[in-house]
Number of protein chains: 2
Amino acid sequence: MPRPRSDEKRSAILEAATRIIVMQGLSAPTAGIAKEAGVANGSFFTYFETKTVLFNHLYLEIKAEMASAILKNRSASAEPREELFHVWRNWMNWAVSNPQKRKALAQLGVSDEITPDTRAAGHKTMAPIAELLERARAHGPMQKARKGFVGALMNSIAEATMDFMTQDPANAKKYSKEGFDALWRMLN
Amino acid sequence: MPRPRSDEKRSAILEAATRIIVMQGLSAPTAGIAKEAGVANGSFFTYFETKTVLFNHLYLEIKAEMASAILKNRSASAEPREELFHVWRNWMNWAVSNPQKRKALAQLGVSDEITPDTRAAGHKTMAPIAELLERARAHGPMQKARKGFVGALMNSIAEATMDFMTQDPANAKKYSKEGFDALWRMLN
DNA sequence: TAATAAAGACTGACTAGACAGGCAACAACA
DNA sequence: TGTTGTTGCCTGTCTAGTCAGTCTTTATTA
């Protein structure tokens, strides 16, 4: 049997890229990422054809992981408010526990190396959350607003809240509660 | 007497940089910016010592212009809600009228070439708006939240709203109203 | 008014360095 | 020994910033 192409090294590169991007930005040399991953300079390109391909994979991976963390342990029965709050808490927890991934994701998100296809795929992983939001706003003042707009507003409030939580961890809980209450007031 | 160094060319470079950044991103070559400004390659550096210096100047200039547009024609007497809405409308109008500047500012804002000093100065130009927000939230449920946090929430809602307005201009007015109402609900 | 000089704004070819990706050689396993 | 993953050196390309020199305008003089 041929020695299998190591998925571990693939993951190592993705993780190394996260760390390096946080520290040095997207213009960081591939050589640095390879070194951080404990892999030879040229090996980088046996795992990812180009730097851009790596970026697109990393974007999707982090986004998918985040979506999965957000949707963990849902109780299907709960009231809309409770349901949304559960998701909110998962979201904020993930952000506090994974500041690097969040930071890297933010950088990747504004890069023009991320293709529309990748963005669309990333958006798709968030679809269940959008659906949940639909129920939460169903009877409130935003019921006639465009679906995507409400989602964008929620997302922007969440991002701002997460920024403050990571920047001032001592008051993280406070920000989380205030942020969610603000969101709920907006929806109802 | 020496011929005066042309402020027009300085402005031309700043304007050219805005256009080029929107089209090509921050990694666009200085040569391209110089060409777009109708200035020789090397002249770029007689107006701005380095590319980073240009970026910092541009960031501040756009931010200051935006703040000035937002604060235009204020009537000091009005009710908090009216006062805030006036500012909101100015803000949205500026965004719709200057999509390129907004886009360039967004790119510059996430760049790590913008120094903390520059960010602080940019923040300062928005101080009057923050003050106004203080009055608007004074009697609402967010009166005990940290000042900067409320400002960040307002800003994030405004950004999301402006995104949708520029992306779907036909419904711009609708988004503007819905966005402001959402903000006000959040504050009260 | 015309000729000359001085100043300094402006130019663009050039350089030094950085980096993405290629590739020829190598190592490990069957 | 053949096959395949892995290596790290190499190269072609790109670009920020430099600098020796040109050009334009103003000041001075006759």
**Q** Does atom CD of Glu49(B) have more than 12 heavy-atom neighbours from other groups under 6.0 Å away?
**A** no
**Q** Working note: Asp163(A) + Arg102(A), criterion salt bridge (Lys or Arg N to Asp or Glu O under 4.0 Å); need CA distance, chi angles, decisive distance, verdict.
**A** CA-CA 10 Å; Asp163(A) 282 343; Arg102(A) 198 170 94 84; 2.4 Å; yes
**Q** Taking 4.0 Å as the cut-off, does a side-chain nitrogen or oxygen of Thr46(B) come that near to OP1 or OP2 on dA9(C)?
**A** no
**Q** Can you check whether Thr30(A) has a side-chain N or O nearer than 4.0 Å to OP1 or OP2 of dA20(C)?
**A** yes
**Q** With a 4.0 Å cutoff (strictly under), does any side-chain N or O of Ser43(B) reach OP1 or OP2 of dT11(C)?
**A** yes
**Q** Using a heavy-atom cut-off of 4.0 Å across all strands, would you classify Ser27(A) as base, sugar-phosphate, or nothing?
**A** nothing
**Q** Would one find a side-chain N or O of Tyr47(A) under 4.0 angstrom from OP1 or OP2 of dG5(D)?
**A** no
**Q** Assess whether side-chain contact (heavy atoms from CB on, under 4.5 Å) is satisfied between Leu84(B) and Leu183(B), documenting all intermediate values.
**A** CA-CA 10 Å; Leu84(B) 191 62; Leu183(B) 170 63; 4.2 Å; yes
**Q** Tell me what Ala28(B) touches on the nucleic acid: a base, only sugar-phosphate, or nothing, going by heavy atoms under 4.0 Å.
**A** sugar-phosphate
**Q** Between atom CD1 in Ile33(A) and atom C1' in dA20(C), what is the gap in whole Å?
**A** 11 Å
**Q** Return the nearest nucleotide to the side chain of Pro29(B); candidates are dG17(D), dG21(C), dA16(D).
**A** dA16(D)
**Q** When you get a sec, tell me which of dG17(D), dT6(D), dC9(D) is the closest nucleotide to the side chain of Lys51(B)?
**A** dG17(D)
**Q** Under the salt bridge (Lys or Arg N to Asp or Glu O under 4.0 Å) criterion, do Lys101(B) and Glu65(B) qualify, and how do the steps go?
**A** CA-CA 10 Å; Lys101(B) 284 180 183 171; Glu65(B) 191 210 290; 2.6 Å; yes
**Q** Would you kindly give the CG-to-C1' distance between Asp7(A) and dT6(D), to the nearest whole Å?
**A** 16 Å
**Q** What nucleotide among dT11(C), dG21(C), dT7(D) has an atom nearest to a side-chain atom of Ala40(B)?
**A** dT11(C)
